[in-house]
Amino acid sequence: MSSQEPNVRGPRNGAAGPVVAVTGAASGVGALLTERLVASPEVGRVIALDERRGAVDGAQWHVLDVRDPAIADRLRGDGEPVDTVVHLALDLDLETDPAARTAYNVRGTQTVLTAAAAAGVHRVVLCTSAMVYGALPDNDVPLAEDAELRATAEATGVGDLLEIERLARRAPRAHPGLNVTVVRPTVLVGGTDTALTRYFESPRLLVVAGSRPCWQFCHVEDLAGALEYAALEKVEGELAVGCDGWLEQEEVEELSGIRRMELPSAVALGAASRLHRLGLTPSPAGDLAYTMHPWVVSGSRLHEAGWRPKWTNEEVLAALMEEAAGRHAVAGRRLGRKDATTLGAAGATVALVGTAALVRRARKARRRV
């Protein structure tokens, strides 16, 4: 099934700019990027692909699943093939079944890369996360873009992102002439819902004793700007994107107004693992590493190309706290207003230190079945 916008704006100023296609164009950063590209005098035409039609006028819309091989026909165009595809149709929802999420993310990326090559597309831009570098105590601060990817699949969605990175490396060899650019944002804020944004919905900020957290944010508007740079081939390769610099944990606590709760590593990690195993929280223990160890990036390649973030870490954190107002989460699990009131400020302690009682309760329930 396909739905198209009949009156598509052509090239501006008599110059034929590149034709850019965006998957996942109906919402989130995909919608922001599509809007920017439609407004850009450097872009000839914009093709928007999603499972539903979005609100951005001026783009040519096609409604389809990115796993559908028919996407190759949409990329060939009507005598004017697509030059660049920006693939943003990813499912990183905490509540999605992990197996279904992986099947969608990996199959979708494989299909887009294969279809792009078949349609003669010159460049594909993929978006993963700076999480692929891994959060480790011996990380450089900041990390260079060409630093080794040392993440494991233990955190939410990171296994999918690592597989997408692997597909990105293989694609130019499998499809000569196809260039692949990978954009890796830091902690993404702006209508997003992740384990890391939920960290700031807790009554206390969990700090693991002896850890060295460093926080670097990326607003979705800045990510859209970086993706536009990549789509217009102003920069290529592996690109990290985020605010300039980073915030220490003490600065985050002062700016957010949320006090810390410090726990020994064995207690915090063991409790997080058991809570997830029991299905009480959506976040595996691997997510905790990204609140313990530094994984900030330099973003030097985008800077050298002339791109600059419009948001600071302080501004993005303020925006995140505004979004989090009225929400309550413990160990990544969203709570209703009544539960949050009952749990109160000691909620995180109850959830993490009191895990043994939850484990015993779950075991008793299993024995009765």
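Each residue takes its place number in the sequence, starting with 1. In this text the structure is predicted, and so the values were computed from the model without any measurement. Both backbone and side-chain heavy atoms feed into the values below; hydrogens, waters and symmetry mates do not.
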Exercise. Sub-3.5 Å donor-acceptor pair from the side chain of Thr186 to the main-chain atoms of Gly242, do we have one?
Worked result: no
For this session: Enter the distance from Leu269:CG to Met292:CE here, rounded to the nearest 0.5 Å.
Result: 5.0 Å
Exercise. Taking C-beta and beyond as the side chain, do Asp244 and Pro309 meet within less than 4.5 Å on heavy atoms?
Worked result: yes
Exercise. Would Asp50 and Arg52 pass as an ion pair if we require N to O under 4.0 Å?
Worked result: no
For this session: Mind checking the CD-CZ spacing from Glu145 to Arg301? Nearest 0.5 Å is all I need.
Result: 5.0 Å
Exercise. How many angstroms lie between CG in Leu247 and CG in Asn313, if you round to the nearest 0.5 Å?
Worked result: 4.5 Å
For this session: Starting from the C-alpha separation in whole Å, work towards a yes-or-no answer on side-chain contact (heavy atoms from CB on, under 4.5 Å) for Leu227 and Val125.
Result: CA-CA 8 Å; Leu227 289 166; Val125 180; 3.9 Å; yes
Problem set entry | Leu149 side chain reached by Glu165 side chain, heavy atoms, under 4.5 Å | yes
Seminar exercise, completed: dist Leu188:CG -> Leu196:CG (nearest 0.5 Å) comes out at 10.5 Å
Problem set entry | Heavy-atom closest pair, residues Pro203 and Ile258 | O-CG2, 3.6 Å
Could you tabulate the donor-acceptor pairs under 3.5 Å formed by side-chain atoms of residues 229-241, not counting sequence neighbours?
from: Tyr229; atom 1: OH; to: Gly306; atom 2: O; distance (Å): 3.4
from: Lys234; atom 1: NZ; to: Glu42; atom 2: OE2; distance (Å): 3.2
from: Glu236; atom 1: OE1; to: Arg123; atom 2: NH2; distance (Å): 3.0

Exercise. Going only through I, L, V, M, F, W and Y residues with side-chain contacts under 4.5 Å, is there a path from Trp311 to Trp246?
Worked result: no
Exercise. Does NZ or CZ of Arg67 fall inside the cone over Tyr104's six-membered ring, less than 6.0 Å from its centre and within 45° of the axis?
Worked result: no
Problem set entry | Between CG on residue Asn105 and CG on residue Asp160, distance to nearest 0.5 Å | 4.5 Å
For this session: Determine the minimum heavy-atom distance between Ser256 and Met321, stating which atoms define it.
Result: CB-SD, 3.9 Å
Problem set entry | Heavy-atom check, side chain of Glu228 versus side chain of Leu33, under 4.5 Å | yes
For this session: Check whether any side-chain N or O of Thr197 sits under 3.5 Å from a backbone N or O of Thr194 as a donor-acceptor pair, and report yes or no.
Result: yes
Exercise. Would you say Val208 and Leu263 make side-chain contact, with heavy atoms under 4.5 Å?
Worked result: no
For this session: Taking the side chain as every heavy atom from C-beta outward, state whether Val220 and Val189 have any pair of such atoms under 4.5 Å apart.
Result: no
Problem set entry | SB check Arg260 Glu250 (cutoff 4.0 Å) | yes
For this session: Compare every heavy atom of Ala135 with every heavy atom of Trp295, then report the nearest pair and how far apart it is.
Result: CD1-CB, 3.9 Å
Exercise. Less than 4.5 Å apart, any side-chain heavy atom of Glu314 and any of Leu255?
Worked result: yes
Problem set entry | Euclidean distance, Thr84 OG1 relative to Ile47 CD1, rounded to 0.5 Å | 11.5 Å
For this session: Could you verify whether a donor N or O on one side chain and an acceptor N or O on the other, from Gln60 and Arg45, lie under 3.5 Å apart?
Result: yes
Exercise. Using 4.0 Å as the upper bound for N to carboxylate O, is an ion pair formed by Arg212 and Asp138?
Worked result: no
For this session: May I have the step-by-step check of side-chain contact (heavy atoms from CB on, under 4.5 Å) for Leu320 and Glu201, ending in yes or no?
Result: CA-CA 9 Å; Leu320 174 55; Glu201 298 175 17; over 6 Å; no
For this session: Report the C-alpha separation of Cys243 and Val316 in whole Å, then their side-chain angles, then the decisive distance to 0.1 Å, and conclude whether the side-chain contact (heavy atoms from CB on, under 4.5 Å) test is met.
Result: CA-CA 9 Å; Cys243 298; Val316 180; 3.7 Å; yes
For this session: May I ask you to check whether Tyr290 and Trp215 place their ring centers less than 6.0 Å from one another?
Result: no
For this session: Begin from the C-alpha positions of Glu248 and Cys214 and carry the test side-chain contact (heavy atoms from CB on, under 4.5 Å) through to its verdict.
Result: CA-CA 5 Å; Glu248 303 288 347; Cys214 294; 3.9 Å; yes
Problem set entry | Nearest heavy atoms of Leu206 and Tyr199, plus distance in Å | O-OH, 2.7 Å
Exercise. Considering only heavy atoms from C-beta outward, does the side chain of Thr128 approach that of Val182 to under 4.5 Å?
Worked result: yes
Exercise. If every non-hydrogen atom of Pro185 is compared with every non-hydrogen atom of Cys218, which pair is closest and at what distance?
Worked result: CB-SG, 4.1 Å
Exercise. Are the side chain of Asp83 and the backbone of Val20 linked by a donor-acceptor contact shorter than 3.5 Å?
Worked result: no
Exercise. Ser211 side chain to Pro213 main-chain N or O, any donor-acceptor pair under 3.5 Å?
Worked result: no
Exercise. Taking all non-hydrogen atoms of both residues, which atom of Ile71 and which atom of Ala115 are closest, and how far apart?
Worked result: CG2-CB, 3.3 Å
Problem set entry | Salt-bridge contact Glu163-Arg101 (side-chain N to carboxylate O under 4.0 Å) | no
For this session: Evaluate the side-chain proximity of Val22 to Leu37: yes if any heavy-atom separation is below 4.5 Å, no if none is.
Result: yes
Exercise. Leu317, Val207: one ILVMFWY side-chain cluster at the under-4.5 Å cut-off?
Worked result: yes
Exercise. Hey, quick one: are Val29 and Val183 part of the same hydrophobic cluster, counting side-chain heavy atoms closer than 4.5 Å, chains of contacts allowed?
Worked result: yes
